[in-house]
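Some notes on the structure that comes next.
Whatever order the structure lists ligands and atoms in, that order sets their numbers, starting from 1. Values below: every heavy atom of this structure, side chains too, minus hydrogens, waters and symmetry copies.
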Amino acid sequence: MERPGRLLLVSELRVRNAAYNVSLSRSLLTWKRRVSSPVYHPFRPSVCHSVSVSEIISVREEDEENSSRGRDDGSWKKIKEREGKNCRQAFTVMYVERCRQHRWRCAEVTFTCSDVALCQRWVSSIREQLVTITSRPKHLLVYINPYGGKRQGKRIYEQKVAPLFAQAGISTDVIVTEYANHARDHLRTEAELKNFDGVVCVGGDGMFSEIIHGLIWRTQIDDGVDTNCPDETLLPCSLRIGIIPAGSTDCICFATVGTNDPVTSALHIIVGDSQPIDVCSVHHNNTFLRYSVSLLGYGFYGDVLTDSERKRWMGPARYDFSGVKMFLTHHYYEGTVSYLPARGIVGTPRDATRCRSGCVVCQHNGQLYSERDEQNEMDEASDSENDSEWRTVRGKFLAINAASMSCACPRSPKGLSPAAHLANGTTDLILVRKCSRFDFLRHLLRHTSKDDQFDLTFVEVHRVRRFRFTPRHCQSDSDLELDLQESSKRQIFSQICRDHPACGCTPTYSSWNCDGEILTHTAIDVRVHCQLIKLFARGIEEPAVFEDVANPCAI
Ligand SMILES: CCCCCCCCCCCCC/C=C/[C@@H](O)[C@H](COP(=O)(O)O)NC(=O)CCCCCCCCCCCCCCC
Ligand SMILES: Nc1ncnc2c1ncn2[C@@H]1O[C@H](COP(=O)(O)OP(=O)(O)O)[C@@H](O)[C@H]1O
Ligand SMILES: [Ca+2]
């Protein structure tokens, strides 16, 4: 908590019929109960509260009718009766309150003043402070996917989010999508982006993916960047994106906020938070395929997604069903992974430290990469990503996963790569080699416990800037000594095998799961673009530690 700084306003006001010393500085609103007796009372409720101005949602003057209704009803009427003709006024401050497990709620406190002028002075002083926070959005473009998750997107937005935006004075243009890629295409061609301070996505990871594809495309096209060239430096998007979780996994929301809760996300948007995020570009033979911010998974997660798409009617439970089914099929895939290890950065995928709000690792590495990008543009010969640094791994894999963020979600609260960073310019490449079903189950189970899922002989993890994958059948014949007969037989049977877990053979190809969308190509070239987009989030907050020194009430 910040220190209060110079006080702008100090008054004695009443809250629920008790006297409080209330003060406002540029950073804090504090109300401290006036204690008539100096005797310590262990059972009296907390006597000092303070709220950071940056977390005040709004302030409103109460009319007589309002204040005699809400939470203070009895006290207001009593005051009126007691004071007779002496006219009193009240104002209500709405602010962010932290609850368990990173949830935020909107709390209210009503202050009663001795006269109208004082009340108005308080309201205008608080409003003046709120106006100085330039990072808050005023006008937002909202896209709702009505078919994501449990098909509750529209209801969630209308009931939980829209009223909060209205209270915070945010105006919105709302589009309920009518078909897949509606939001992406609207952003690419129609949306008047200059009219908005941000874009809000109501849906799951797939819907978020549509939004970033629209926004990134638009930003590059406006500047003439060739997105088919994997070596191009992409331009960061200026508009921030807010995610209201209403999908099936909602891993991007969970990994950036710490919870999947629409009200919490709406409050992060209202207070104008900003969290940069790395984006991977995925290419095939110099053709752009897709962007990814969370998981790029081949093998297990690709197969789970492919299988689950046919079971959308099951809702979010489709992933568990297909997860068990694909665990039982136990397919492995042959291929070659080459990667460019991240150099000169802070942190490894096996660290005990986690990416949290205000992460210094992300700040350090972000700075490093923006300097390197500038340097590379000036002097091509200084390209740090030269061929000699590439490393190659060949083998049979149950899963190849690239986690650009932790991929934490309710199924796995620590995620696929617990030490991954949101904005460090790298992705964690996890290779799970062919092993027994029992060992794979041990690996999977460790995603849900404190045990290290990488501490197994058949698992390796590398923090990388770039990687490529080539499935076995795509490699040159001499390289492979390909058994053609076996290969074609496998291709014919691959779909049959996928659908019949009891069948012992393994298909040749899996598919890539790219943030919940299936990729059309298996051979891919992936590059991380450091901090290409920004979210209305602040990263997961560390749980507050009670400290008297930091508490202005104790000063
Ligand atoms: C035995 C328990 C094992 C639990 C292992 C859980 C690991 C979960 C890691 C999930 C990472 C998710 C990364 C995010 C992906 C999303 O972008 C993407 C799209 O999200 P959207 O639908 O909101 O648009 N979601 C997904 O691809 C879903 C992945 C879900 C994987 C679930 C896997 C369940 C595995 C169950 C194995 C059970 C074995 C039991 C044997 C008796
Ligand atoms: N109106 C719509 N009708 C059908 N599909 C849509 C619509 N709007 C978006 N989509 C698509 O729905 C898919 C899943 O959306 P998402 O919000 O991620 O839900 P879920 O988490 O359940 O997968 C995405 O691929 C998205 O492109
Ligand atoms: Ca990252």
Side-chain angles (χ1 to χ4, degrees), residues 143-151 153-154 175-184 201-211 213 243 245-255 260 276-280 292-297 300-306 308-309 312 315-316 318-328 342 345 347 355 361-362 365-366 401-417 420-428 437-438 440-449 453 463-465 513-518 528-531:
Y143 293 99
I144 304 176
N145 176 1
Y147 295 110
K150 294 180 183 156
R151 302 182 177 228
K154 208 160 164 280
I175 296 172
V176 179
T177 62
E178 286 161 18
Y179 46 89
N181 291 326
H182 183 175
R184 184 198 67 183
C201 158
V202 185
D205 294 338
M207 188 60 184
F208 177 79
S209 178
E210 278 200 30
I211 304 289
H213 280 82
I243 309 176
S248 301
T249 315
D250 299 320
C251 126
I252 301 158
C253 179
F254 196 95
N260 284 342
I277 302 283
D278 297 334
V279 177
C280 287
S292 160
V293 292
S294 60
L295 167 68
L296 256 170
F300 183 68
Y301 291 103
D303 294 349
V304 169
L305 185 71
T306 308
S308 69
E309 276 302 304
R312 269 208 165 261
R318 68 189 186 277
Y319 290 134
D320 302 304
F321 181 90
S322 299
V324 173
K325 182 174 159 190
M326 288 307 142
F327 169 77
L328 293 173
I345 53 141
C355 183
V361 171
C362 290
N365 294 355
N401 300 323
S404 299
M405 55 172 72
S406 70
C407 294
C409 58
R411 279 186 184 83
S412 169
K414 65 176 184 175
L416 284 180
S417 189
H421 286 269
L422 293 170
N424 66 343
T426 70
T427 187
D428 288 351
R437 276 192 182 81
F438 176 73
F440 190 44
L441 182 61
R442 277 171 67 209
H443 170 65
L444 286 177
L445 278 172
R446 288 187 185 189
H447 289 83
T448 60
S449 74
Q453 61 259 47
R463 190 154 281 181
V464 309
R465 289 279 292 152
N513 173 341
C514 178
D515 292 355
E517 303 295 307
I518 300 163
V528 189
H529 299 265
C530 188
Q531 308 190 357

How close do [X] and [Y] get, heavy atom to heavy atom, and via which atoms?
| X | Y | value |
| --- | --- | --- |
| I252 | D205 | N-OD1, 3.2 Å |
| C530 | A423 | SG-O, 4.0 Å |
| A420 | C355 | O-CB, 3.6 Å |
| V464 | V528 | O-CG2, 4.0 Å |
| C280 | S404 | SG-OG, 3.2 Å |
| R411 | P316 | NH2-O, 3.1 Å |

Of the side chain and backbone of [X], name the one, both, or neither that has a heavy atom under 4.0 Å from an atom of ligand 2.
| X | value |
| --- | --- |
| H182 | neither |
| R184 | neither |
| M207 | both |
| Y179 | backbone |
| D205 | backbone |

Numbering as shown, the atoms of ligand 1 that approach L416 to under 4.0 Å (heavy-atom distance):
9 (C), 11 (C)

Show me which atoms of ligand 1 lie under 4.0 Å from any heavy atom of D515.
17 (O)

N/O separation below 3.5 Å, [X] to ligand 2:
| X | value |
| --- | --- |
| N145 | yes |
| Y319 | no |
| G149 | yes |
| G206 | yes |

Quick test: of every protein heavy atom, which one is nearest to [atom], and how far off is it to 0.1 Å?
| atom | answer |
| --- | --- |
| atom 27 (O) of ligand 1 | N513 ND2, 2.8 Å |
| atom 3 (C) of ligand 1 | L444 O, 3.7 Å |
| atom 16 (C) of ligand 1 | D205 OD2, 3.1 Å |
| atom 21 (O) of ligand 2 | S248 N, 2.7 Å |
| atom 1 (C) of ligand 1 | L445 CD2, 3.6 Å |
| atom 5 (N) of ligand 2 | A180 N, 3.8 Å |
| atom 7 (C) of ligand 1 | Y301 OH, 3.6 Å |
| atom 27 (O) of ligand 2 | E210 OE2, 2.3 Å |
| atom 8 (C) of ligand 1 | S412 CB, 3.9 Å |
| atom 24 (C) of ligand 2 | E517 OE2, 3.7 Å |
| atom 8 (N) of ligand 2 | T177 OG1, 2.8 Å |
| atom 17 (O) of ligand 2 | G204 N, 2.8 Å |
| atom 19 (O) of ligand 2 | G148 CA, 3.3 Å |
| atom 13 (C) of ligand 1 | L295 CD2, 3.9 Å |
| atom 20 (O) of ligand 1 | T249 OG1, 3.1 Å |

Looking only at distances, please establish whether an N/O atom of ligand 1 is found under 3.5 Å from an N/O atom of [X].
| X | result |
| --- | --- |
| Y319 | yes |
| D250 | yes |
| R411 | no |

Mind telling me whether H182 and Y179 have parallel, tilted or perpendicular rings, with 30° and 60° as the class edges?
parallel

Could you check whether the rings of F440 and F327 sit parallel, tilted or perpendicular, using 30° and 60° as the cut-offs?
parallel

Under a 4.0 angstrom heavy-atom cut-off, which atoms of ligand 2 come close to [X]?
| X | value |
| --- | --- |
| G247 | 21 (O) |
| Y147 | 1 (N), 2 (C), 3 (N), 4 (C) |
| R312 | 13 (C), 14 (C), 20 (P), 22 (O), 23 (O) |
| G203 | 17 (O) |

Between ligand 2 and G516, can you find any atom pair, the residue atom being a heavy atom, that is separated by under 4.0 Å?
no

Using non-hydrogen atoms of the residue, decide whether R318 is closer than 4.0 angstrom to ligand 2.
yes

Does D320 come within less than 4.0 angstrom of ligand 1, counting non-hydrogen atoms of the residue?
no

Within the stated cut-off of 3.0 Å, is an N/O/S atom of [X] closer than that to the Ca ion (ligand 3)?
| X | value |
| --- | --- |
| T426 | yes |
| M405 | no |
| C362 | no |

Which part of C251 is near ligand 1, with near meaning a heavy atom under 4.0 Å away: side chain, backbone, both or neither?
side chain

What part of I252, side chain, backbone, both or neither, has a heavy atom within less than 4.0 angstrom of ligand 1?
neither

Just to the nearest 10 degrees, tell me the angle at the Ca ion (ligand 3) spanned by H421 O and S404 O.
70°

Can you tell me how far the [atom1] atom of [X] sits from the [atom2] atom of [Y], to the nearest 0.5 Å?
| X | Y | atom1 | atom2 | value |
| --- | --- | --- | --- | --- |
| L416 | N401 | CG | CG | 5.5 Å |
| L444 | F300 | CG | CZ | 5.0 Å |
| L328 | L441 | CG | CG | 10.0 Å |

Could you walk me through whether R184 and I211 pass side chain to side chain contact (heavy atoms under 4.5 Å, CB included), step by step?
CA-CA 5 Å; R184 184 198 67 183; I211 304 289; over 6 Å; no

Under the side chain to side chain contact (heavy atoms under 4.5 Å, CB included) rule, what do E517 and E210 come out as? Steps first, then yes or no, please.
CA-CA 10 Å; E517 303 295 307; E210 278 200 30; over 6 Å; no

Pick one: which of V202, I144, T177 meets side-chain contact (heavy atoms from CB on, under 4.5 Å) with M207?
T177

Pair V176, K154 - check side chain to side chain contact (heavy atoms under 4.5 Å, CB included), show working.
CA-CA 8 Å; V176 179; K154 208 160 164 280; 4.0 Å; yes

Per residue D278, nearest N, O or S atom to the Ca ion (ligand 3) is named OD2

